[in-house]
Structure formats: C-alpha cells, structure tokens
Amino acid sequence: MSIHLAVRTPADVATPGWYGVLPSPKAAEVLLGRYMADWVIVGAGFAGLAAARRLTQLVPNDRIAIVDAQRIGWGAAGRNSGFMIDLPHELGGENYGGSREHDLKQIQMNRAAIEFSGSAVEEFGLDAYFARAGKIHGAATDHGLRSLREFEGHLVGLAEDFRSLDATDMKRITGTDFFVGGTFTPGTVMVQPAGFIRGLATGLAERVKIFENTPVTEVRTGKEHHVQTPEGEIVAPRLILTVNGHLESFGFYKQRLLHVFTYASMTRALSNGEQRALGGEPSWGLIPADPMGSTIRRLGDRIVVRNTFTYNPSMTTSEGQVKRIGHKHDRSFRARFPMLNGMRMEYRWGGHLCLSLNSAPAFGEIEERVYVAGCCNGLGTVKGTLYGMLIADLAVGTEEPMVADALLEPSPNQLYPNSLMAIGAPLRLWAMQRRAGREL
C-alpha cells in the first residue's frame, strides 16, 4: 500500500464573478463516515465531471463517487474566461500556433471534447451557459496585427475557416476604437464556466454521488483505495485524480508542474444608457493578439477583463494580490472603454493554471488502478473535458483511438531547481507581459 498525504488543499479566495452572478446553490453534501464505491474521482471541475459522465455511459451500473474540496464552480473551473477553444492555443508562443501535424491532431481532439460537452448541454438543458459563438483575436498594435496575419497563414495551412477583421469591424462588434484589427474563428464555444459546471454536476447527481466542501487529506492506494477526508473516507478499487496542479500536492509529478495564477475583474451590471453609450454587439469574446495581453468578454450588461500572470508555487493567491492586480484591470478597461469612465468592478478574482515547460499534460495510469488527468496548460475548459473523458475510457479499457493519442503525449518535463525557478519564472512572465505592450 502507498500513502499519499495531501500537503495542500485548494483554498481559493475572492468570489469569481461567474459564480457570484448565479443564484445561491443548495447546501453542500459533506462526506460523513465511510462510503463504498466502484469508482472515486477527486476533483469536480471540467475533468472530474467529464470523467464521471463518461463512466456513467460506459459502466452505468457502477457506483461512482466524486469529491471536491470546495463548492462546485468556486474553484479553478469557475475562475477561467470561459473560452472552449478548438484551435491551437499555445500560451507560451507569440501567435498561439504550433507544428502542423500536432495542431491537426489537437483540433480533432478539442472538437471531440466540445461535442461531448455539447451533448451534455442537450441532455441536461444547459443552453444558457453554452454558446457556439466563435471567438475574436483582437490586435491593438501594428505588431499585434502582424502576429494575427501570421496566425491566419497558419490557419490557411490547416484548412481552417477564419475571417479577417479591420478596425471598422472591430468597433462595430466591440463598440470601441481601441483595436486596429482582428481575426474571427467560428469554432470556439463560449461558456459561463461556473454555471455550466454547476449545471453539469446537478444533471449528474442522480447517477453520481457528489460530495462538496470535502477536502481530501490522504490517499492510501492498494487493492482497495482509501480516500480520507476530515470526517470520512471513500473506499473504491479504482481512483481517478482530476485535481490539475494539485497532483503535486499528493506527491505526483514533483518538480514538473508550473503553478501560475491569472486574474480577472467583472463590472457591475451596465445601465441601459451605458449600454447605448458603449454600442457594439451585446455578446462577444476576445483574446489578445499577444497571449500575455488582455482577454475581454461582454455578456449583455457585464464586461469581464482578464490579464496578468504571476508565479505562485504555493498554489494560492491572496486578497491583497487580487486587489493590486485589479488596478491593472481598471487601467486596461479605461483604455478600451473610455465611454464607460468610472465603471465599478463588482467582482475581482484569481485562478490557478497548471502548466508544464513542454506544454505536456499529466495523463495516464500512474499506479495500479490509479489514473490522473491534469496539467491542462491554460486550456482547462476544453483540455480538462478531453482528458477527463479519455481517462475514463482508459480506466474502463475501451478501444477509443484518442486514448492512444493522449498516451503518446510526452510527460511534463522536469523543472529547474527551485532557486532558479524563484527568479527565472517571475522574470520570464514579466518579460512576456512587457512584450505584450498595449495589448495588455
């Protein structure tokens, strides 16, 4: 038997706007005492719930339990920008693209994950949180525009649809003359992440036992796996860990996972007069020409701005850090929307990203009947869904071809020594964000 103590558990601070605008959830069911299952999943985000749903399809008579340290939708799953992206999206590059062969395979797999989510939308009635709207890449500078034209050339090579946008198009869509051009790609789905993930959990609750506010403190693996929590335990012969960067908290992938936070602010509801002053379309999502720039979403009467990356190896941020970075959001917002001068942000929050130096996932069977799906490299909505559904196929033993593709991905590379990471990672993030310039 192996023992894995959880040296950290998720403890996110500050209410994410996506969660805050939803009705209050019903009281959480906390694990009390022993629960026997055929499967136990730790982590109820995009990956964990995708794994749970796939298991209900593959082994419908099995007992499936899922446990999360926080309320569903409060953690990382409800703290992203809600872009379920089908196309290449390498955060570490200058224009998101990679090699052609790799990108084609990733597009195929990302779209499979999107369709899996789409079928859940139909099954559980989640249309309000899931829009096949496409996304805009927006450029604020000539340099950014050149990067987008390079990206478009890459899309031509992939035979992918897109539409080039000029400054007039951008103002018609966004209401602001901040952007000099852009690229529209139609395959991205825009989700309200907290609403979608909470709705998915509600839909699964008849077939899956879900425990919230139940942090896992220890995992003992063996013939039967024992998942310990403060007031109980789950015993099951098969264990799936979908905790993204917190795989390292259980002793897996030590010194291989890079822990970064990014931050967002959401406005209060805009008045009718403010919406008229803004103009533009009522709903759109924009990612920057430079990956380190500002992501902007408009959802009717609210606007979200997301920017700034920090290196947080503790896997935590603080109210103070969120507040300080919120001032950057205010500057970015004013630059783009001067007609909304003085707009108050109702919500500010940070969210944990797990990256690897070689953009590789953590995926596979790591001990006998212990499976992991994580390290989504900044694409938790689509990659979490993808690896969650595929880890269920791997664990059950289906012949799904994408499982073999996922297993061919390299493992996350070893990080540099901590002393170098403490200096080099923040410096690298600073340089990349400085490069973004006006895009930030």
Side-chain angles (χ1 to χ4, degrees), residues 16-23 73 78-86 114 117-118 121 125-140 161-199 264-289 293-307 329-330 332-349 381 439:
W18 307 114
Y19 190 96
V21 299
L22 294 174
R79 292 171 180 268
N80 59 78
S81 296
F83 289 71
M84 192 169 275
I85 297 174
D86 60 332
I114 289 172
S117 297
V121 169
L126 305 179
D127 303 80
Y129 307 124
F130 187 93
R132 295 182 183 272
K135 73 177 186 306
I136 301 164
H137 293 245
D161 290 339
F162 67 90
R163 186 170 77 248
S164 294
L165 305 172
D166 61 19
T168 301
D169 295 322
M170 294 297 292
K171 184 168 185 177
R172 173 180 54 79
I173 296 167
T174 66
T176 175
D177 56 11
F178 182 83
F179 300 101
V180 298
T183 304
F184 173 79
T185 62
T188 292
V189 168
M190 306 302 301
V191 299
Q192 204 286 36
F196 176 83
I197 214 72
R198 267 175 45 176
S265 295
M266 178 186 283
T267 66
R268 61 161 172 78
L270 276 63
S271 69
N272 290 336
E274 288 166 334
Q275 292 181 61
R276 286 193 297 271
L278 171 59
E281 296 180 359
S283 181
W284 46 267
L286 180 149
I287 62 175
S294 290
T295 295
I296 310 290
R297 277 192 69 179
R298 181 179 175 187
L299 302 95
D301 62 356
R302 291 181 185 268
I303 297 173
V304 176
V305 56
R306 187 243 54 167
N307 65 40
H329 297 160
D330 293 343
S332 297
F333 186 90
R334 287 194 299 268
R336 288 159 175 79
F337 305 109
M339 74 292 288
L340 299 176
N341 188 39
M343 176 58 57
R344 178 178 63 84
M345 297 294 176
E346 184 171 356
Y347 297 100
R348 302 190 192 274
W349 67 94
T381 56
E439 307 290 349

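What's counted below: heavy atoms across the whole structure, side chains too, no hydrogens, waters or symmetry copies. Start at 1 with the first residue, then count along the sequence.
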**Message:** For the CZ atom of Arg268 and the CG atom of Asp301, what is their distance to the nearest 0.5 Å?
**Reply:** 10.0 Å
**Message:** For the residue pair Ser265 / Arg348, report whether a side-chain donor-acceptor contact shorter than 3.5 Å exists.
**Reply:** yes
**Request:** Determine, for Tyr19 and Arg198, whether the Lys NZ or Arg CZ falls below 6.0 Å from the six-membered ring centre while staying within 45 degrees of the axis.
**Result:** yes
**Asked** Considering all heavy atoms of both residues, which atom of Ala194 and which atom of Leu22 are nearest to each other, and what is their separation?
**Response** C-CD1, 3.8 Å
**Request:** For the pair Trp284 (side chain) and Ile173 (backbone), establish whether a donor and an acceptor sit closer than 3.5 Å, ignoring hydrogens and angles.
**Result:** yes
**Asked** Given the rule in the side chain to side chain contact (heavy atoms under 4.5 Å, CB included) test, do Ile136 and Phe179 qualify, once you have shown the distances and angles that lead to the verdict?
**Response** CA-CA 11 Å; Ile136 301 164; Phe179 300 101; over 6 Å; no
**Stepwise side chain to side chain contact (heavy atoms under 4.5 Å, CB included) check, Tyr129 with Val191** = CA-CA 5 Å; Tyr129 307 124; Val191 299; 5.7 Å; no
**Item:** Gln192 (side chain) donor-acceptor with Trp18 (main chain) under 3.5 angstrom
**Value:** yes
**Prompt:** Do Val21 and Leu299 have side-chain heavy atoms sitting under 4.5 Å apart?
**Reply:** no
**Prompt:** Side chains of Arg172 and Glu281: closer than 4.5 Å at any heavy-atom pair?
**Reply:** yes
**Message:** Could you tell me if the side chain of Thr188 sits less than 4.5 Å from the side chain of Asp86, heavy atoms only?
**Reply:** yes
**Prompt:** How about Asp161: does its CG atom have over 12 heavy atoms from other parts shown lying under 6.0 Å from it?
**Reply:** no
**Asked** Is the closest side-chain heavy-atom distance between Arg302 and Tyr347 below 4.5 Å?
**Response** yes
**Request:** Could you go through the side chain to side chain contact (heavy atoms under 4.5 Å, CB included) check for Thr174 and Arg298 one step at a time?
**Result:** CA-CA 8 Å; Thr174 66; Arg298 181 179 175 187; over 6 Å; no
**Item:** From CA spacing to verdict: side chain to side chain contact (heavy atoms under 4.5 Å, CB included), Glu274, Met339
**Value:** CA-CA 8 Å; Glu274 288 166 334; Met339 74 292 288; over 6 Å; no
**Message:** Which heavy atom of Met190 sits nearest to which heavy atom of Gly285, and what is that distance?
**Reply:** CE-CA, 4.0 Å
**Item:** Under 3.5 Å: donor-acceptor pair, side chain of Thr176, backbone of Arg336
**Value:** yes
**Message:** Would you say that Lys135 contacts Phe184 through its side chain, given a criterion of any heavy-atom pair below 4.5 Å between the two side chains?
**Reply:** no
**Message:** I need the minimum non-hydrogen distance between Val304 and Ala264, along with the two atoms involved.
**Reply:** CG1-CB, 4.3 Å
**Prompt:** Taking the side chain as C-beta and beyond, is there a heavy-atom pair between Met266 and Trp349 under 4.5 Å?
**Reply:** yes
**Item:** Ser294 side, atom OG; Arg306 side, atom CZ - distance, nearest 0.5 Å
**Value:** 7.5 Å
**Prompt:** How close do Gly293 and Asn307 get, heavy atom to heavy atom, and via which atoms?
**Reply:** O-CB, 4.0 Å
**Distance-minimising heavy-atom pair for Glu439 and Pro288** = O-CB, 4.4 Å
**Prompt:** Can you tell if the side chain of Thr267 reaches within under 4.5 Å of the side chain of Phe333, non-hydrogen atoms only?
**Reply:** yes
**Request:** Look at the side chain of Thr381 and the backbone N and O of Gly82, then say whether any donor-acceptor pair between them is shorter than 3.5 Å.
**Result:** no
**Prompt:** Looking only at heavy atoms, which two atoms of Val121 and Asp127 are closest? And how far apart?
**Reply:** CG1-N, 3.6 Å
**Message:** Test your reading of the model: is there a side-chain donor-acceptor pair from Asn341 to the backbone of Pro338, 3.5 Å cut-off?
**Reply:** no
**Asked** Under a 4.5 Å cut-off applied to non-hydrogen side-chain atoms, are Ile296 and Phe337 in contact?
**Response** yes
**Prompt:** Measuring from Leu340:CG to Arg334:CZ, what's the distance to the nearest 0.5 Å?
**Reply:** 12.5 Å
